[in-house]
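Chain naming here is simple, since letters A, B, ... match the order of the sequence lines and numbering starts at 1 in each.
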Protein chains: 2
Amino acid sequence: MSVTYREVKADILRQITRGQLPPGSAMPNEVDLAASYGCARATVNRAMRELADDGIIERRRKAGTRVRQNPIRHVRMNIPIVGQEIEELGATYRYALVQCKAEPAPNWLRARMALKRDDRVLHLTCMHYADGAPYQHEDRWINLSALPDAEQHDFSDVGPNEWLVSTVPFTDAQISFHAVAADATIADYLDCTEGDALFQTERTTWLEGRTITFVQLTYRRGHRVTMQY
Amino acid sequence: MSVTYREVKADILRQITRGQLPPGSAMPNEVDLAASYGCARATVNRAMRELADDGIIERRRKAGTRVRQNPIRHVRMNIPIVGQEIEELGATYRYALVQCKAEPAPNWLRARMALKRDDRVLHLTCMHYADGAPYQHEDRWINLSALPDAEQHDFSDVGPNEWLVSTVPFTDAQISFHAVAADATIADYLDCTEGDALFQTERTTWLEGRTITFVQLTYRRGHRVTMQY
DNA sequence: GATCCCGAAAGATATAGACATAAAGCGTAA
DNA sequence: TTACGCTTTATGTCTATATCTTTCGGGATC
């Protein structure tokens, strides 16, 4: 095959990183580029489309393509299941169910999960261990109106996260990261000191507009989430 | 136009989310799908390729395409410039340079940035304010061997981040998120109590294999990073 | 039974050509 | 001057076809 879209993409990217195509500058149109690379327009199109997806260039019909003034820096972050995350560290994973109770949703949770007045939730507390040491504390609420099956299910052996991804895969979610000070309970579970700075993730999950679950994941001291771009 | 790749993608996704194509199941090949949708193979290919990029399905030559057993959940996270971040919150941004000094790199930093023995670095400390209140504390080291211009530049008015993205756009980076306890200095700058749990980001940036800069960004109490997927 | 090699299947990509769609910019009318 | 609408142009997408590449699985060989 003559010129591949990867070669075109790499070449354009090289010109941009070397400053031959400075930020803000306009690029030739697809027809001209195709001619100069000696390939089909579709080939150039794919290269340019990917560069646009990567946030390097900006494309607008009729206006043409230009190098972004401020390239969009973004990372693609995997959301792993905690068991896999631990085993990828080369450690042994252990799960324990701490508590599991169906109850009416407290007000703050009703607001968070957009629940109706009398919706009931299943409140689960779990611990995840890596090589026997506390790794993550999970505090989860499942909307029983959306997922009544959850009430019958036994979470002693398999964590709610794994059950959820097998029961309702392909959901939408909102995630947030922040830092919290360990309260007495969490300090106890995670084997740290009250007041320690801990990394916490919150996640709300929907399926077709209905809130399925809200979870707070608190990690052991020193936990880091790392990404490349 | 007859059948678009978006329609094909949406239709396949619908079948998957509705359970008509359960996780692990094999899908027809592109030729057959194209025939059943009454469109060209390239159209189906694009739909399937995007689903594969989204982590919904898994494709292998000869083996065919199947729905992923555990769909890969990932988010795409923007890495904003702090000034933009603050202005998008509807607040007024203010920047202040606290300290700027060229010095030999301490050992821990040499290791982090993969510096040579006698490389010098520019050490900057800055503060970023939102509506007058402390928002972010920036502790940055710039590799002067890679970017000698930095030593001459005046960072009193424009933050080093903005200068860097305009001077060396299109770099590679590694980011990590974690929680730290505020020490006396940081507590002072961020107007919080010593020991408070704070969200911190670390970022190392490379250009063509050379480390350009390492930065620690510590956010005010309660800061959250939020993402959708 | 284990290993290597080869054919075939399916996805990955290139091409040429056509039509669709958005929007920039100009010309005209109010 | 402003507002509206048309033309033009660049990107967006579809089609039909061909070739390339990876890899599964079977058959020959050791």
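Checking C/dA24, C/dA10, D/dC14 against every side-chain atom of A/K62, the shortest atom distance belongs to C/dA24. Of the candidates C/dG11, C/dA24, D/dC24, C/dA24 carries the atom nearest the A/A63 side chain, counting heavy atoms from C-beta on. Each of D/dT15, D/dT21, C/dT13 was ranked by its minimum atom distance to the side chain of B/A40; first place goes to D/dT15. In this structure, the nucleotide among D/dA16, D/dG12, C/dA24 sitting nearest to the side chain of B/A42 is D/dA16. Counting only heavy atoms from C-beta on, B/C39 has its side chain closest to D/dT15 among D/dT8, C/dT13, D/dT15.
Between the side chain of B/R41 and the base of C/dA12, a donor-acceptor pair under 3.5 Å is found. Evaluation of atom-type donor-acceptor distances gives no pair under 3.5 Å for the side chain of B/R6 against the base of D/dG12.
Interatomic distance, CD1 of B/I142 versus CZ of B/F214, reported as 13.0 Å (0.5 Å rounding).
Phosphate proximity of C/dT13 to A/T43: absent, as no side-chain N or O sits under 4.0 Å from OP1 or OP2. The side chain of B/R61 places no N or O atom within less than 4.0 Å of a non-bridging phosphate oxygen (OP1 or OP2) of C/dA9. Remark: A/R49 is not in phosphate contact with D/dT11, judged by side-chain N or O atoms under 4.0 Å from OP1 or OP2. Checking the phosphate oxygens (OP1, OP2) of C/dA24, a side-chain nitrogen or oxygen of A/R60 falls inside 4.0 Å. When the side-chain nitrogen and oxygen atoms of A/T65 are compared with OP1 and OP2 of D/dA10, none of them lie within a distance under 4.0 Å.
When the options A/R203, A/M77, A/Q174 are evaluated for a side chain to side chain contact (heavy atoms under 4.5 Å, CB included) with B/Y229, the one that passes is A/R203.
Taking the six-membered ring for Trp, A/F199 and A/F177 have ring centres closer than 6.0 Å.
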